[in-house]
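Just below is one structure, and these are the notes that go with it.
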Amino acid sequence: NFLQEEEKVAEHRDKRALNVAEMMATKPAGRALLKDKLSLVFRTDAYGQFILLVILGNTGVICAFGSGTADLDNILIIMETWFAFAFMIELLIQIMCDGSLGAYVQKGSHVFDLMCAV
């Protein structure tokens, strides 16, 4: 059973590598090329995990508001501003990966992300 799972993982990895190689071999023009290159980085599991860490950091900052001195709250406000900026940049990159805002909002999870970021 474990070997079957390992074979499935290896097969999925090989298919993904083949798709990446095919994507890199074809040379679409302009916007499509940018979309494909961005997707290679910003649609990976590693990037998704990084964003989850950013979300957890933002949650910690939000929870810390009002629990310390005024100086601490001022620092937290600055941190919250940077988190908001990071989420807006991430939103713009994700829209560019999909090609347009219309394509981006086709997924329900993207609509939720859009509402949270704005």
Side-chain angles (χ1 to χ4, degrees):
N1 196 11
F2 177 74
L3 291 175
Q4 290 174 340
E5 289 297 321
E6 285 295 316
E7 288 175 4
K8 287 180 185 178
V9 168
E11 183 179 322
H12 176 70
R13 190 177 322 123
D14 292 342
K15 285 181 182 178
R16 188 171 184 163
L18 183 60
N19 288 341
V20 169
E22 289 172 354
M23 210 182 307
M24 294 304 285
T26 59
K27 296 192 180 213
R31 184 180 274 178
L33 180 64
L34 177 64
K35 173 184 165 184
D36 292 337
K37 285 187 176 184
L38 287 173
S39 293
L40 288 174
V41 174
F42 296 105
R43 293 292 167 88
T44 62
D45 291 338
Y47 180 74
Q49 292 170 355
F50 169 74
I51 291 299
L52 284 176
L53 288 175
V54 173
I55 291 169
L56 287 173
N58 187 29
T59 302
V61 168
I62 290 170
C63 290
F65 276 125
S67 62
T69 64
D71 289 336
L72 177 62
D73 283 347
N74 289 337
I75 292 170
L76 293 174
I77 289 170
I78 292 169
M79 290 176 69
E80 180 61 26
T81 303
W82 279 104
F83 277 117
F85 179 73
F87 288 131
M88 290 303 294
I89 296 298
E90 193 261 342
L91 174 68
L92 293 173
I93 289 170
Q94 294 298 329
I95 290 171
M96 289 170 49
C97 285
D98 282 331
S100 70
L101 181 61
Y104 178 80
V105 296
Q106 294 297 315
K107 286 187 176 178
S109 63
H110 288 173
V111 174
F112 178 73
D113 288 344
L114 180 65
M115 290 175 16
C116 289
V118 174

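The residues of the chain are indexed from 1 along the displayed sequence.
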Checklist entry - What's the spacing between Phe87 CZ and Asp113 CG if we round to 0.5 Å? => result 9.5 Å
Item to check | Val54-Ile78 co-clustered via ILVMFWY side chain contacts under 4.5 Å | outcome: yes
Item to check | Spacing of NZ belonging to Lys35 relative to NZ belonging to Lys37, to within rounding of 0.5 Å | outcome: 15.5 Å
Checklist entry - Side chains of Leu76 and Leu72: closer than 4.5 Å at any heavy-atom pair? => result yes
Item to check | Set of residues satisfying side-chain contact (heavy atoms from CB on, under 4.5 Å) with respect to Asp98, sequence neighbours excluded | outcome: Arg43, Ala103, Tyr104, His110
Checklist entry - Which of these passes side chain to side chain contact (heavy atoms under 4.5 Å, CB included) with Cys97: Val41, Leu40, Leu38, Leu34? => result Leu38
Checklist entry - Residues two or more places apart in sequence or in another chain: which of them pass side-chain contact (heavy atoms from CB on, under 4.5 Å) with Ile51? => result Tyr47, Ile55, Glu90
Item to check | side-chain contact (heavy atoms from CB on, under 4.5 Å) partners of Ile89, counting only residues at least two apart | outcome: Phe85, Ile93
Next on the checklist: So Phe65 and Glu80, do their side chains get closer than 4.5 Å, heavy atoms only?
Outcome noted: yes
Item to check | Distance in Å, Gln106 CD paired with Leu101 CG, rounded so as to fall on 0.5 Å steps | outcome: 10.0 Å
Checklist entry - Should Leu91 and Met115 be regarded as members of a common hydrophobic cluster, given that ILVMFWY residues are connected when their side-chain heavy atoms come within less than 4.5 Å of each other, either directly or indirectly? => result yes
Next on the checklist: Applying side-chain contact (heavy atoms from CB on, under 4.5 Å) to Asn58 and Ile62, what does each step give before you reach the verdict?
Outcome noted: CA-CA 6 Å; Asn58 187 29; Ile62 290 170; 4.0 Å; yes
